[in-house]
Amino acid sequence: MMWKLTLVAVMALACLAGPVPAGAADGGVAYAVDFKGYTGGSVLEWLGRKKFVAKQDAGNKSKIVLSIHDEALVLEAKQRALGLLLNETDVPGPGRIRIEWGVDAFPQGVSYEKGIRSEPIMVYTFFGKKKVSSGSLLVPDSPYFIGLFLCDAGRSDHPYTGRFFKAGGRYVCVNVAKVGERVVSEFDLGTAVKDYFKLSEIPPISGFAIGIDTDKAKGSATAKSYVRKIEYLN
């Protein structure tokens with residue numbers, strides 16, 4: 001989990017601007033990111049124009065391959081790897097999120113229920129600017145965050161904690177998914193952040209990220225997933 005904690009700190013310190021406007025046709029969407037319009041060339045450079053920045057192994061093609069297929073961002077871990085695509089922006093709305101995504105290959109032997117924390121894909125949402133204690137002098141503090149992921153077994157909608165950030169971070173399997181299944185997940189992050197951290201009001205969303213982690217997986221530690229669209233709803 002150490003990499004996640006470090007990247008959360010990077011997210012808190014980064015200065016990446018420029019939200020992508022939501023489609024005007026859907027009045028229920030406050031902010032949206034999709035992966036349409038790719039015409040070739042470096043995927044990382046193209047993502048950079050959408051204000052994503054690769055961290056850790058996300059920029060290492062021998063470990064993580066990023067591609068665009070059928071208007072979706074595909075993340076593939078070719079070996080033991082961990083990476084994050086960071087995008088910090090002030091997102092409007094009360095914190096409801098809808099994600100269209102799926103998994104083509106789960107990493108072997110991982111289970112949040114058993115404390116083996118890796119996943120084929122996770123979407124993080126960060127709340128507010130106030131930094132909450134990491135619980136360690138060696139790990140920088142961070143804003144509140146919730147990471148949503150797809151799992152192949154275990155409890156859904158359960159807020160798991162990591163080794164650090166017990167006061168300000170939670171990880172939630174939002175859907176149990178089958179390989180090859182396209183999933184549309186909806187989750188009320190605003191209500192969750194209040195409940196999980198005992199807050200009187202919902203802090204504004206200050207950023208989001210897309211991650212893949214096979215660091216604790218068994219065997220070849222490979223995984224493959226995709227995300228087609230992320231929407232924050234009114």
Trainee: Should the heavy atoms of other residues, nucleotides or ligands under 6.0 Å from NZ of K129 be counted, would the total exceed 12?
Mentor: yes
Trainee: I'd like to know whether V53 forms a side-chain contact (heavy atoms from CB on, under 4.5 Å) with K55, so could you lay out the CA-CA distance, the side-chain angles of the two residues, the decisive distance to 0.1 Å, and finally the verdict.
Mentor: CA-CA 6 Å; V53 174; K55 298 296 180 180; 3.7 Å; yes
Trainee: From L85 CG over to Q56 CD, what is the distance, rounded to the nearest 0.5 angstrom?
Mentor: 12.0 Å
Trainee: Rounded to the nearest 0.5 Å, what separates atom NZ in K63 from atom CZ in R80?
Mentor: 10.0 Å
Trainee: Measure the OH-CZ distance between Y124 and F208 for me, rounded to the nearest 0.5 Å.
Mentor: 14.5 Å
Trainee: What I want to find out is whether E100 reaches K229 closely enough, with some N-O distance under 4.0 Å, to be called a salt bridge.
Mentor: no
Trainee: If hydrophobic clusters are built by linking Ile, Leu, Val, Met, Phe, Trp and Tyr wherever their side-chain heavy atoms come under 4.5 Å apart, do F35 and V91 end up in the same one?
Mentor: yes
Trainee: Any non-hydrogen side-chain atom of E119 less than 4.5 Å from a side-chain atom of V110?
Mentor: no
Trainee: Taking the side chain from R170 and the backbone from K166, do they hold a donor-acceptor pair closer than 3.5 Å?
Mentor: yes
Trainee: First locate atom CZ of F52, then atom CD1 of I210, and finally report the distance between them rounded to the nearest 0.5 Å.
Mentor: 4.0 Å
Trainee: Of the non-hydrogen atoms in N234 and R96, which two are nearest, and what is the gap between them?
Mentor: O-NH1, 2.7 Å
Trainee: Can you check whether D70's main-chain N or O pairs, donor with acceptor, with R228's side chain at less than 3.5 Å?
Mentor: yes
Trainee: Minimum heavy-atom separation for V176 to G154, with atom names?
Mentor: CG2-O, 3.8 Å
Trainee: Evaluate the ring planes of F145 and F165, with Trp represented by its six-membered ring, and classify them as parallel (under 30°), tilted (30 to 60°) or perpendicular (over 60°).
Mentor: perpendicular
Trainee: Taking all non-hydrogen atoms of both residues into account, name the closest pair between G162 and Y171 and its distance.
Mentor: N-CE1, 3.9 Å
Trainee: Can you name the residues that form a side chain to side chain donor-acceptor pair (under 3.5 Å) with S62, not counting sequence neighbours?
Mentor: N60
Trainee: State plainly whether one hydrophobic cluster holds both I64 and I68, where clusters connect Ile, Leu, Val, Met, Phe, Trp and Tyr through side-chain heavy atoms under 4.5 angstrom apart.
Mentor: yes
Trainee: OG/S200 to NZ/K194 distance, rounded to the nearest 0.5 angstrom?
Mentor: 7.5 Å
Trainee: Is I99 reachable from V74 through a run of I, L, V, M, F, W or Y residues, each pair having side-chain heavy atoms under 4.5 Å apart?
Mentor: no
Trainee: Looking only at heavy atoms, which two atoms of Q79 and T222 are closest? And how far apart?
Mentor: N-CG2, 4.3 Å
Trainee: Is there a donor-acceptor pair under 3.5 Å between the side chain of S118 and the backbone N or O of K216?
Mentor: yes
Trainee: How close do A192 and I146 get, heavy atom to heavy atom, and via which atoms?
Mentor: CB-CD1, 3.9 Å
Trainee: Going by atom types only, do W101 and S185 share a side-chain donor-acceptor pair under 3.5 Å?
Mentor: yes
Trainee: Quick check: does any side chain N or O of D213 sit under 3.5 Å from a backbone N or O of D215, one acting as donor and the other as acceptor?
Mentor: yes
Trainee: Start with the C-alpha gap between F126 and E88, add the side-chain angles, then the distance that decides, and say whether side-chain contact (heavy atoms from CB on, under 4.5 Å) holds.
Mentor: CA-CA 9 Å; F126 298 83; E88 187 180 58; over 6 Å; no
Trainee: Regarding Y38 and E71, do their side chains bring together a donor and an acceptor under 3.5 Å, going by distance alone?
Mentor: no
Trainee: For Q108, give me all partners under side chain to side chain donor-acceptor pair (under 3.5 Å), at least two apart in sequence or on another chain.
Mentor: none
Trainee: Any Lys/Arg nitrogen of K130 or D141 sitting under 4.0 Å from an Asp/Glu carboxylate oxygen of the other?
Mentor: no
Trainee: List for me each residue that meets side chain to side chain donor-acceptor pair (under 3.5 Å) alongside D188, sequence neighbours excluded, and say none if there are none.
Mentor: T191
Trainee: L148 and L189: side-chain contact (heavy atoms from CB on, under 4.5 Å), yes or no, with the steps?
Mentor: CA-CA 9 Å; L148 302 180; L189 288 163; 4.2 Å; yes
Trainee: Has the side chain of S225 got a donor or acceptor atom that lies under 3.5 Å from a matching backbone atom of V103?
Mentor: no
Trainee: Assigning hydrophobic clusters by single linkage (Ile, Leu, Val, Met, Phe, Trp, Tyr; side-chain heavy-atom cutoff under 4.5 Å), is L150 placed with V179?
Mentor: yes
Trainee: When you group the ILVMFWY residues by side-chain heavy-atom contacts below 4.5 Å and let the links chain together, are Y226 and L84 in the same group?
Mentor: no
Trainee: Main chain of P204, side chain of D90: is a donor-acceptor contact present, judged purely on distance under 3.5 Å?
Mentor: no
Trainee: Once rounded to the nearest 0.5 Å, what's the spacing between atom OH of Y144 and atom OH of Y196?
Mentor: 15.0 Å
Trainee: Check the pair I212, L82 against side-chain contact (heavy atoms from CB on, under 4.5 Å), reporting the backbone distance first and the verdict last.
Mentor: CA-CA 6 Å; I212 184 171; L82 43 90; over 6 Å; no
Trainee: Side chains of I205 and F127: closer than 4.5 Å at any heavy-atom pair?
Mentor: yes
Trainee: Just checking, any donor-acceptor pair under 3.5 angstrom between side chains of T125 and Y232?
Mentor: yes
Trainee: Counting only N and O atoms by type, is there a donor-acceptor contact under 3.5 Å from the side chain of S111 to the main-chain atoms of K114?
Mentor: yes
Trainee: Grab the two heavy atoms, one from K218 and one from G109, that are nearest each other, plus how far apart they are.
Mentor: CD-CA, 4.1 Å
